[in-house]
Amino acid sequence: MQLAEIARALGAEVKAGYEDICITSVSFDSRTLEAGALFIPLVAGNDGHNFIQSAIEHGAVATLWQADHDLGQVDLPQLVVADTLEALQTLGRYYLDKINPKVVAITGSNGKTTTKDMVAAILGSQFNVQKTHANFNNQIGVPMTILGMEPNTEVLVVEMGMDHFGELDHLSRLAAPDVAVITMIGEAHIEFFGSRDKIADAKMEITHGLKEDGTLVYNGDEPLLRTRAEDLKQLTVTFGRNDNNDLQATNIVSDDTQTGFRVVSWPEENFTIPMIGAYNVNNALAALAVGNLFHVPVEAMRKALAAFDLTANRTEWVKGAKGERILSDVYNSNPTAVKQVLQAFTKVETAGKRIAVLGDMLELGDQAEIMHTGLAAEIQPEEIAEVYLCGPIMAKLAQVLDEKYPADKVHHYDTDAKAQLVADLKASIQPEDIVVVKGSHGIHLEEVLAALQK
Ligand code: ATP
Ligand code: MG
């Protein structure tokens, strides 16, 4: 776009002579900015206005400028706006209308990124698809995803995250989805919401911008969603394990690396995904439902799911230094996700022992303690031989597990005692063992993972 067009979209003024500067990308991070970019200095955290020189050095050809900042000697064409974040969103909306792709918006307590990648793989077999990069799912990430679209984009698949009321309302109105997906309701961020009921209300905000002739795809096993979706005037499609869903998964079978399942209702077909965890079947069902809405042939969906590209750092198998297999899921954690991963992990066959390394689950507010001790129901000595817990709240789970485990099989460490954890763990691990590592990002179990691989 030329700078004049961007100025018009933002209601800003462009100095004479600069109108036809060609903008080929936008960036809010001067370090990764590409030549030809419009720099968007955001003010949250590190004020981007302080990095204008670095943006120029990296090849920025123009910049936005927030009106309350002193312009001083900025040696770059500027568009002065009231608020740079709002301007980023306004520009995103403008570009979306200009390119006019179909939009699929995905939210849910867990499974957003996985489902996003699956949907993109399925739709990508037939259309030019642009999807959210990595996990860029917030008020900045969504407009950046939009502005990253190639002009020939036919479908935009965008992940939407939230931890407060109103955020999805805003993102949904910004992206005006043709299809909205809610993967599931869990307990993530319950600290802020107080109840699953309220979380369901907040997730339903993804329908606020849903087009009149759009469709909501949601997990029909969740009564909190069913009751709310009934009031919607748009079409709905449900998926899940119960037989009242439009897409129901049956015959779920996993080995160490993949999971097969059969979908009944429509289409009645077998599928395989290259990952374990029965919960991922739900994500695949959501993706298949979206594929159906776009009339993707079943064979193309099967192929796409069997080999789709998973964003790194989710549940994945890696090799430890002794040859042990490690199921790594160190990126985030919450009660539903831990239970799901433990269920998948205990089904994996091994000639050695199973070991669980679990870190605190953060942001659970006053339910934290009960949700940590509640994990005891999923951890049995016959299935998981040793447990290594890390973080202050996990001390409570350690106490509960101590009652049913033999001596010296349940260990607890403070967050800053990971070196000891690793030393004890390494002393125990044998090549044929399998290990699962999962915790909230703030506990940094990736350090344990890295140490095990060294
Ligand atoms: P974030 O909020 O961090 O963006 P996300 O919603 O994008 O997370 P993913 O990255 O797809 O979720 O998956 C994160 C973890 O959540 C997985 O590794 C797994 O443990 C769990 N998970 C994924 N899908 C589901 C699901 N459908 N139901 C329950 N747990 C799930
Ligand atoms: Mg995500």
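The basis for the numbers below is simple: all heavy atoms, side chains too, and nothing from hydrogens, waters or symmetry mates. Start at 1 and go down the list; that is how both ligands and their atoms are numbered. Keep in mind the model is a prediction, meaning the values are calculated, not measured.
Remark: of the listed residues K203, R196, R241, R196 is the sole one forming a salt bridge (charged side-chain N to carboxylate O under 4.0 Å, His left out) with E222. E159 pairs with exactly one of T132, T113, T107, N138 by the side chain to side chain donor-acceptor pair (under 3.5 Å) rule, that one being T113.
Considering only non-hydrogen atoms, atom 11 (O) of ligand 1 lies nearest to T114 out of I106, D117, T114.
For ligand 1, none of its N or O atoms has an N or O atom of N282 under 3.5 Å away. Ligand 1 has an N or O atom lying under 3.5 Å from an N or O atom of G111, backbone or side chain. Polar contact with ligand 1: absent for T336 (N/O pair, distance under 3.5 Å). Considering backbone and side-chain atoms together, T113 places an N or O closer than 3.5 Å to an N or O of ligand 1.
Because the distance cut-off is set at 2.8 Å, N137 fails to qualify as a neighbour of the Mg ion (ligand 2), as none of its N, O or S atoms comes that close. Taking backbone and side-chain atoms together, N135 has an N/O/S atom less than 2.8 Å away from the Mg ion (ligand 2).
Contact annotation for T183 and ligand 1: no heavy atom of the residue comes within less than 4.0 Å of the ligand. Only the side chain of N283 comes within contact range of ligand 1, with a heavy atom under 4.0 Å; no backbone atom does. If you look at V341 next to ligand 1, the close heavy atoms, those under 4.0 Å, all belong to the side chain. Neither the backbone nor the side chain of K116 comes within contact range of ligand 1; no heavy atom lies under 4.0 Å. With a 4.0 Å cut-off on non-hydrogen atoms, N332 touches ligand 1 through its side chain and not its backbone. If you look at M184 next to ligand 1, the close heavy atoms, those under 4.0 Å, all belong to the side chain. Under 4.0 angstrom from ligand 1, the non-hydrogen atoms of N135 all belong to its side chain.
Of all N/O/S atoms in E159, OE2 sits nearest the Mg ion (ligand 2).
Each of the following atoms of ligand 1 lies closer than 4.0 Å to a heavy atom of D329: 17 (C), 18 (O), 19 (C), 20 (O). The distance from ligand 1 to the heavy atoms of N137 drops below 4.0 Å at these ligand atoms: 4 (O). Close approach to K438 involves these atoms of ligand 1, each under 4.0 Å from a residue heavy atom: 20 (O).
In E369, the CD atom is not crowded: 12 or fewer heavy atoms of neighbouring residues, nucleotides or ligands sit closer than 6.0 Å. Counting non-hydrogen atoms of other residues, nucleotides and ligands closer than 6.0 Å to NZ of K198 gives a total of 12 or fewer. Other residues, nucleotides and ligands contribute only 12 or fewer heavy atoms inside 6.0 Å of the CG atom of D408.
Salt bridge absent: K211 and D213 never bring a charged side-chain N and a carboxylate O closer than 4.0 Å.
A donor-acceptor pair is defined here as one N or O able to donate and one able to accept, closer than 3.5 Å; no such pair exists between the side chain of H412 and the backbone of C390.
Annotation: side chain of N110 is not in contact with side chain of T183 (no heavy-atom distance under 4.5 Å). Looking at heavy atoms from C-beta onward, V155 lies in side-chain contact with F294 at the 4.5 angstrom threshold.
Taking the ring centroids of Y218 and F239, they lie at or beyond the 6.0 Å cut-off.
Using a 30° and 60° split on the angle between ring planes, Y413 and H411 fall in the parallel class, below 30°.
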